> 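Below are the structure tokens for one structure; questions will follow.
Note: hydrogens, waters and symmetry copies are ignored here, and every other heavy atom, side chains too, is used. Residue numbers count from 1 along this sequence. Quantities reported herein were computed from a predicted structural model and do not represent experimental measurements.
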Amino acid sequence: MAKIAFILLCHKDPEAIILQARRLTATGDYISIHFDARAGNDKFNQITAALADNPSVTFARKRVKCGWGEWSLVQATLGAVEAAVAAFPDATHFYMLSGDCNSIKSAAYAHDFLDANDKDYIESFDFFASDWIKTGMRGERLVYRHFVNERKHKRLFYALMNLQKRLGLERAIPEDMQIMIGSQWWCLRRSTIEKILAFCQDRPDVLRFFRTTWIPDETFFQTLVNHLVALREIESRTLTFLMFTDYGMPVTLYNDHYDLLLSQDFLFARKISPESAELKERLGQLWASDRREFAISGEGRTLYKFLAGRGRIGRRFAPRFWESESTLGQERELLMVVCKKWHVAKRLLETAKRVTRTRGLEYMFDEASCEIPHLGGLERTLEKRNRHRRAVMRLLFDFYGVDRLIICLDPNNVDLMRDFMNDQSSARILEIQCTFTDDYLIGHAQRVGLAHDGTPDGVVEHLLPTLRHEFDYEATRIREAGFSNHWRVREDREPGENAVAIAEFFGCDMDAAREIAETPHLYSD
């Protein structure tokens, strides 16, 4: 009978990892864990201590600092694979998992499935001939050497690549290798794994090549399996069910997707929401059961595409049917600083970040140039950010690993405020009411293209009352929205007066609130 050695790459949530390891090994299988070296030693020690008496658990000998798109992910995988091969000589299959994966069948069903199909399961498509890469770099991933992370050092990454282009430093792909590409979530037979490890010993030239490619976890194993195994023994698919949005981001699965998941022709699924405790518990019980019959319909991806395309009819920002649980999270808190004078709000944000030790972003929904982390393309334009506002904010909470964020908003963005205030999360608004001199209004008109240096004085004089009315109307709309958890401060008030509202808004003491209230431009002597 098949015995699976799960290869688990993870970097957070030690309690969930411990539970996952116990569930998967309770049915006679094994697990080899690589815990990211970027995570704290205390979390790793918690995991090792909890699983120390489980002979079906092993750990990669060396922890690697992993970065998305880097060779480090392949290095971590190889470390966990080597540990599993040595520790579990009777393991017949090796199955890649992440901490976001959960089983969607029983162990009995999984074992029967692998026994009946003597194949390797790994997506394996021709790198150049297929359309697996939808956007972005293609050949540049391989023919140029990549020494830094594109997400962390974007300017340097592209500067180095462009320098190689100008100098004609394209390198050759190893002659005997056909580069393949596919998902990193594979299930391989022991014989294939042993061939891969032997190949790594015999061909250091190939490893040197892949070490400086970009996103090698999508090409390394896929290429080696295709090189080492007969095509008739490769099933070019993953046994892990996953879906992606139009912007290349994984679709998150929730409690009400249980029946949908069971009907898919896969053994595992990702990405399960961390909040979906009920779903994880039901799937855990299913894995431990002896159930062997499942009605496979396989409509998951088609259903998602259908519902996502029809859920907004009639209301531009109505929740999609599929995304009925697309909330920021009940335990999360979003603090919105609303101010027409962007320079005032930005300075207050910087002070508040330092004083309250809270992450914050500037006018990300109003200013295209606002720097925000890479979110798979969802962040690239203002239109995308506003259209998928909740998804963007949820991804930012996940990216920073926090439950509290501050953002700045222009007062004209009332619809966005209303959307966030109606979310299941805790949302608050701090409105900074400003005074507007004629000079400020003229400067604003020039910034937004309503006027320029050569605009006649008479035109400007007629424009100023219109702008004042527009600003007053925006403030009126916010007031008429009747938001709860809405505090106001005024630019022309003393810091002591503003500090009371600031303390309530940020939940901080008066000393901290006064320091924020004394932010330059919010208050001047």
Side-chain angles (χ1 to χ4, degrees), residues 332-367 370 402-418 420-423 425-444 447 464-465 467-525:
R332 288 171 169 168
E333 188 176 36
L334 179 63
L335 307 180
M336 293 174 276
V337 176
V338 178
C339 183
K340 196 66 183 181
K341 291 185 177 179
W342 289 12
H343 66 285
V344 174
K346 289 179 179 180
R347 285 179 169 84
L348 184 141
L349 174 65
E350 290 304 311
T351 305
K353 285 163 59 178
R354 173 175 53 81
V355 172
T356 67
R357 297 185 179 181
T358 304
R359 290 271 190 179
L361 297 100
E362 297 180 353
Y363 286 83
M364 56 177 289
F365 292 104
D366 304 287
E367 190 175 28
C370 175
V402 297
D403 291 326
R404 197 178 199 227
L405 279 177
I406 311 170
I407 61 171
C408 298
L409 291 177
D410 190 279
N412 68 7
N413 227 331
V414 178
D415 288 341
L416 187 145
M417 298 177 216
R418 184 178 290 110
F420 284 144
M421 293 298 282
N422 289 333
D423 188 71
S425 62
S426 174
R428 302 181 177 197
I429 293 175
L430 178 67
E431 182 185 358
I432 303 175
Q433 298 178 327
C434 299
T435 57
F436 304 103
T437 64
D438 286 353
D439 286 342
Y440 175 84
L441 292 176
I442 292 171
H444 175 80
R447 286 190 295 274
L464 296 185
L467 286 175
R468 289 189 188 279
H469 174 76
E470 178 68 16
F471 291 175
D472 289 340
Y473 177 66
E474 290 173 357
T476 299
R477 287 186 67 204
I478 294 174
R479 183 173 62 252
E480 290 178 348
F483 296 130
S484 57
N485 297 326
H486 179 191
W487 288 265
R488 296 181 180 87
V489 296
R490 290 191 59 85
E491 190 183 26
D492 54 1
R493 283 181 185 162
E494 292 287 325
E497 295 179 77
N498 284 334
V500 176
I502 288 173
E504 293 178 356
F505 174 76
F506 285 107
C508 61
D509 59 41
M510 286 300 294
D511 289 339
R514 187 175 183 88
E515 185 175 351
I516 297 172
E518 291 174 347
T519 297
H521 294 282
L522 179 60
Y523 173 72
S524 301
D525 292 324

> At their closest point, which heavy atom of Ala517 faces which heavy atom of Asn498, and how far apart are they?
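Scanning both residues completely, I find the closest heavy atoms to be CB-CB, 4.2 Å.
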> Does any non-hydrogen side-chain atom of Lys341 lie less than 4.5 Å from one of Ile432?
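Result no, sub-4.5 Å side-chain heavy-atom pair not found.
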> Please identify each residue that fulfils salt bridge (charged side-chain N to carboxylate O under 4.0 Å, His left out) with Glu350, with sequence neighbours left out.
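Per chain and number, Glu350 pairs via salt bridge (charged side-chain N to carboxylate O under 4.0 Å, His left out) with Lys353.
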> Can you sort out the partners of Asp410 under salt bridge (charged side-chain N to carboxylate O under 4.0 Å, His left out), two or more places apart, ordered by chain and number?
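Applying salt bridge (charged side-chain N to carboxylate O under 4.0 Å, His left out) to Asp410 gives Lys340.
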> Taking side chain as C-beta onward, heavy atoms only, is Phe505 less than 4.5 Å from Val489?
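With C-beta onward as the side chain, the pair stays apart.
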> Between Asp366 and Trp342, is the side chain to side chain contact (heavy atoms under 4.5 Å, CB included) condition met? List the steps.
CA-CA 10 Å; Asp366 304 287; Trp342 289 12; 3.7 Å; yes
> Apply salt bridge (charged side-chain N to carboxylate O under 4.0 Å, His left out) to Asp472 and list each qualifying residue two or more places apart in sequence or on a separate chain.
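Salt bridge (charged side-chain N to carboxylate O under 4.0 Å, His left out) list for Asp472, sorted by chain: empty.
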> What closest approach, in Å, do Ala499 and Ala513 show between heavy atoms, and which atom pair accounts for it?
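Heavy atoms of Ala499 and Ala513 come nearest at O-CB, 3.3 Å.
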> How would you list, by chain and number, every residue that makes a ring pair (Phe, Tyr, Trp, His ring centres under 6.0 Å) with Phe471, sequence neighbours excluded?
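So Phe471 forms a ring pair (Phe, Tyr, Trp, His ring centres under 6.0 Å) with Phe436, His444.
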> Under the rule for side chain to side chain contact (heavy atoms under 4.5 Å, CB included), what residues qualify as partners of Thr351, not counting sequence neighbours?
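For Thr351, the residues satisfying side chain to side chain contact (heavy atoms under 4.5 Å, CB included) (neighbours in sequence not counted) are Arg354, Val355, Ile516, Thr519.
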> Which distance, rounded to the nearest 0.5 Å, do you find between the CG of Leu348 and the CD1 of Ile406?
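Interatomic distance, Leu348 CG to Ile406 CD1, rounded to 0.5 Å: 8.5 Å.
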> Who are the side-chain hydrogen bond (donor to acceptor under 3.5 Å, both in side chains) partners of Thr435, not counting sequence neighbours?
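Scan of Thr435 (side-chain hydrogen bond (donor to acceptor under 3.5 Å, both in side chains), adjacent residues dropped) gives Glu491.
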> Under the salt bridge (charged side-chain N to carboxylate O under 4.0 Å, His left out) rule, collect the residues that match up with Arg418, sequence neighbours excluded.
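Result, salt bridge (charged side-chain N to carboxylate O under 4.0 Å, His left out) vs Arg418: Asp415.
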> Could I get the full list of side-chain hydrogen bond (donor to acceptor under 3.5 Å, both in side chains) partners for Asp438, not counting sequence neighbours?
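Counting only residues at least two positions away or on another chain, Asp438 forms a side-chain hydrogen bond (donor to acceptor under 3.5 Å, both in side chains) with Arg468.
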> Which distance, rounded to the nearest 0.5 Å, do you find between the CE of Met364 and the CD1 of Ile407?
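Taking CE in Met364 and CD1 in Ile407, the distance rounds to 6.5 Å.
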> Working to the nearest 0.5 angstrom, can you tell me the gap between Arg428 CZ and His486 NE2?
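That separation rounds to 13.0 Å.
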> Measuring from atom CZ of Arg404 to atom OG of Ser426, what distance do you get when rounded to the nearest 0.5 angstrom?
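Atom-to-atom, Arg404:CZ and Ser426:OG are 9.0 Å apart.
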> Just verifying a value: how many Å separate Leu335 CG and Phe420 CZ, rounded to the nearest 0.5 Å?
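Taking CG in Leu335 and CZ in Phe420, the distance rounds to 12.5 Å.
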> Kindly compute the distance separating CG (Asp492) from CD (Glu497), expressed to the nearest 0.5 Å.
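Taking CG in Asp492 and CD in Glu497, the distance rounds to 9.0 Å.
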> Restricting to side chain to side chain contact (heavy atoms under 4.5 Å, CB included), what partner residues turn up for Ala345, sequence neighbours left out?
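Ala345: side chain to side chain contact (heavy atoms under 4.5 Å, CB included) contacts with Val337, Cys339, Tyr363, Cys408.
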> With sequence neighbours excluded, what pairs up with Gln433 under the side chain to side chain contact (heavy atoms under 4.5 Å, CB included) test?
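Testing Gln433 for side chain to side chain contact (heavy atoms under 4.5 Å, CB included), a comparison that skips the adjacent residues, returns Glu431, Arg488, Arg490.
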> For Val500, which residues count as a side chain to side chain contact (heavy atoms under 4.5 Å, CB included) partner, sequence neighbours excluded?
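Val500 satisfies side chain to side chain contact (heavy atoms under 4.5 Å, CB included) with Glu504, Met510 once adjacent residues are dropped.
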> How far apart are the closest heavy atoms of Met417 and Val338, and which atoms are they?
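What the structure gives for the nearest pair is CE-CG1, 3.7 Å.
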